[in-house]
Amino acid sequence: MLFAKNKAIIALLCLLLCLGILLAACENGQENVPDGSESTSAEQSESVGTESESDAEDDVTGQGSDTDSESESETQPAIETLAYTVTVIGSDGNPRQGAMVVILKNGEAIVTSPTLADGTLTAELEVGEYEVKLLNLLGEAYRTEGCVLTPESTALTISLCGLPTAGEEIFAYSASADDYIAYDAKRVVEGRTMVTLSADDMTYYLFVSSRGGTFKLSMDEDLPVSIGYFGSTSYVMTESIATEQDNAICVDVYDDMVFNYAFVIGIRAEDASLKECELTVEYVSERETTEHDLPWNDLMPDHELLKYTMGAGTVTNFAVDSAEIVLVYSESDGYYHVGSESGPVVLVNLNNNSKYMDALTTVCSNMRLGVYVYDEDGKLVSKDSYNELIWAYNEVADGGYYPLDDTLLDMLKTVGDYMGWYDPASPMYLFEGVALEPANAYLFACVYLQ
């Protein structure tokens, strides 16, 4: 009985031992297999499928990461540039250092910088067209037309010009107005000067040289303009006396003209759109010594001049187109009278402007009233100047008037004939549009009291 109970206890212990071994084996199996392995495997499978589909879509649409980079490179290419250069030349003809250059695109300043010692400014800019301006110019100017930079023309030279200075008022005959018109003529000097133009009229400038020689006054030969030399400030001629060639003329400055004679230069624009241009005055060469360089012989009165006092009456001009004027010389006073020896005294208008020309004293202040005297063989005998003689008579005149004597009569006839004042074919003809009586032409400078 005891043996049977022991046998049952042993069987129970064996069963418990088997259960323990079985539980230990299960626990070891769970440690070898990770939790959720089946779910992870499914997810991995799904992920692989999704990536495959995504790759396929990328292959079709071309939107993969590598393709995106290539696409961006194609839509934003590298910016192409060019080197643009601006050169500034001063009015003295030398490169201008420190000229402030502005380069603009569509009105917006892209570059603002001064030029270097060689007068240049170079900028690396995107290929395109640019406008160029200069800032802070004092007493200088430049032509603004054509101041652009383009891919076809990457270099631009801007030449500065001086500006005309104050001159004086001159009177020039206008055929359209049949009268003498006042002009404000400004002065120009050697070098380049920016001049303004008028499409419907002549624009006058004055050139006074600081040295003798031959000078060329010119403009761009391609411009639709004309230029001419029209005399002096005291008398502006109706025609040019210097032959124009390729928009240029040459004038000779004699020693006695230096600082003393103002050449009246007329410029006319043939195109209404041309408002300004550059006038260049350049020294060409020394003049060869000619008869013009011989000294002048200053004529003086050959008798004592008495102080003159005018009587009462109205100052009256002579009609230079009349053939009925008769002058009579009086031995008693040595003067010429109108109609008879007792008629009104003929007075020379020395210091007052006449209808046809400035006063003789004004002319003498601006130029020499002289003549070249030749012998029968054509050899120059003398160069006679009447300037000092006119000043001498003016000192004893009354109100700028002095009686006409033989010396003054000879002066008016000789100088007038030599200068071409009375010759309709001369550019210095005074009586445009007047039916002049040649014998009485000199009376333009005379009056009488009535």
Side-chain angles (χ1 to χ4, degrees), residues 88-93 96 99-100 102 131-148 156-177 179-210 215-233 235-242 244-251 261-282 366:
V88 180
I89 304 298
S91 56
D92 58 0
R96 176 61 57 84
M100 190 59 67
V102 181
E131 180 186 1
V132 178
K133 293 183 178 181
L134 299 183
L135 300 180
N136 305 328
L137 297 177
L138 298 176
E140 292 180 308
Y142 65 98
R143 288 189 65 190
T144 57
E145 297 90 344
C147 286
V148 294
L156 171 68
T157 298
I158 299 177
S159 297
L160 299 179
C161 298
L163 296 175
T165 58
E168 59 186 280
E169 187 178 62
I170 62 173
F171 291 86
Y173 183 79
S174 172
S176 59
D179 196 4
Y180 283 86
I181 307 299
Y183 293 87
D184 179 21
K186 298 185 183 301
R187 292 192 177 219
V188 297
V189 295
E190 281 188 61
R192 293 191 304 273
T193 304
M194 185 66 68
V195 296
T196 55
L197 304 174
S198 174
D200 56 357
D201 202 357
M202 190 78 72
T203 305
Y204 291 101
Y205 292 90
L206 307 179
F207 170 53
V208 179
S209 179
S210 60
F215 291 83
K216 180 180 179 181
L217 294 89
S218 63
M219 296 164 293
D220 188 335
E221 63 183 31
D222 295 328
L223 291 178
V225 293
S226 61
I227 182 173
Y229 161 40
F230 290 86
S232 68
T233 53
Y235 178 65
V236 180
M237 304 174 192
T238 57
E239 297 180 19
S240 173
I241 58 175
E244 179 185 346
Q245 184 175 4
D246 295 331
N247 288 15
I249 56 172
C250 287
V251 296
Y261 183 84
F263 290 85
V264 175
I265 307 301
I267 305 174
R268 185 189 299 276
E270 309 296 343
D271 186 342
S273 64
L274 186 62
K275 303 299 183 183
E276 59 184 13
C277 71
E278 297 176 13
L279 172 63
T280 300
V281 180
E282 57 183 318
N366 293 291

Looking only at non-hydrogen atoms, find the nearest pair between Met202 and Tyr183 and report the distance.
O-CE2, 3.6 Å

Okay, side chain of Thr193, backbone of Leu163: is any donor-acceptor separation there less than 3.5 Å?
no

Ring centroid separation for Tyr205 and Phe207, is it under 6.0 angstrom?
no

Interatomic distance, Leu137 atom CG to Ile158 atom CD1 [nearest 0.5 angstrom]:
9.0 Å

Could you tell me the separation between the SG atom of Cys250 and the CD atom of Gln245, rounded to the nearest 0.5 Å?
8.5 Å

If you compare all heavy atoms of Cys277 against all heavy atoms of Met194, which two are closest, and at what distance to 0.1 Å?
O-SD, 3.5 Å

Leu274 versus Glu276, closest heavy-atom pair with distance:
CD1-O, 3.4 Å

Can you give me the closest heavy-atom contact between Tyr142 and Val132, atom names plus distance?
OH-O, 4.5 Å

Hey, can you pull the donor-acceptor pairs under 3.5 Å for the side chains in residues 215-228, sequence neighbours left out?
{"from": "Asp220", "atom 1": "OD1", "to": "Asp222", "atom 2": "N", "distance (Å)": "2.9"}
{"from": "Ser226", "atom 1": "OG", "to": "Glu270", "atom 2": "OE2", "distance (Å)": "3.4"}

Give the intermediate values and the outcome of side-chain contact (heavy atoms from CB on, under 4.5 Å) for residues Ile249 and Ile265.
CA-CA 10 Å; Ile249 56 172; Ile265 307 301; 4.1 Å; yes

Using only heavy-atom distances, determine whether the side chains of Asn366 and Thr233 contain a donor-acceptor pair under 3.5 Å.
yes

Gap between atom OG of Ser198 and atom CZ of Arg268 - 0.5 Å precision:
8.0 Å

Would you compute the distance between atom OG of Ser240 and atom CZ of Phe230 and round it to the nearest 0.5 angstrom?
5.0 Å

For side-chain contact (heavy atoms from CB on, under 4.5 Å), just list the numbers for Val195 and Ile267, CA-CA rounded to whole Å, side-chain angles, deciding distance to a tenth of an Å, and then say yes or no.
CA-CA 9 Å; Val195 296; Ile267 305 174; 4.1 Å; yes

Arg192 side chain vs Leu160 backbone, donor-acceptor pair below 3.5 Å:
yes

Polar side-chain atom of Asp271 near backbone of Ser273 as donor-acceptor pair, under 3.5 Å:
yes

So which atom in Leu156 and which in Val148 form the shortest heavy-atom distance, rounded to 0.1 Å?
CD2-N, 4.0 Å

Any sub-3.5 Å donor-acceptor pair from Tyr204's side-chain atoms to Ala172's backbone N or O?
no

Set out, in order, the CA-CA distance, both residues' side-chain angles and the distance that settles side-chain contact (heavy atoms from CB on, under 4.5 Å) for Leu206 and Val264, then state yes or no.
CA-CA 5 Å; Leu206 307 179; Val264 175; 3.8 Å; yes

When every non-hydrogen atom of Glu169 is compared with those of Ala182, the smallest separation belongs to OE2-CB, 3.5 Å

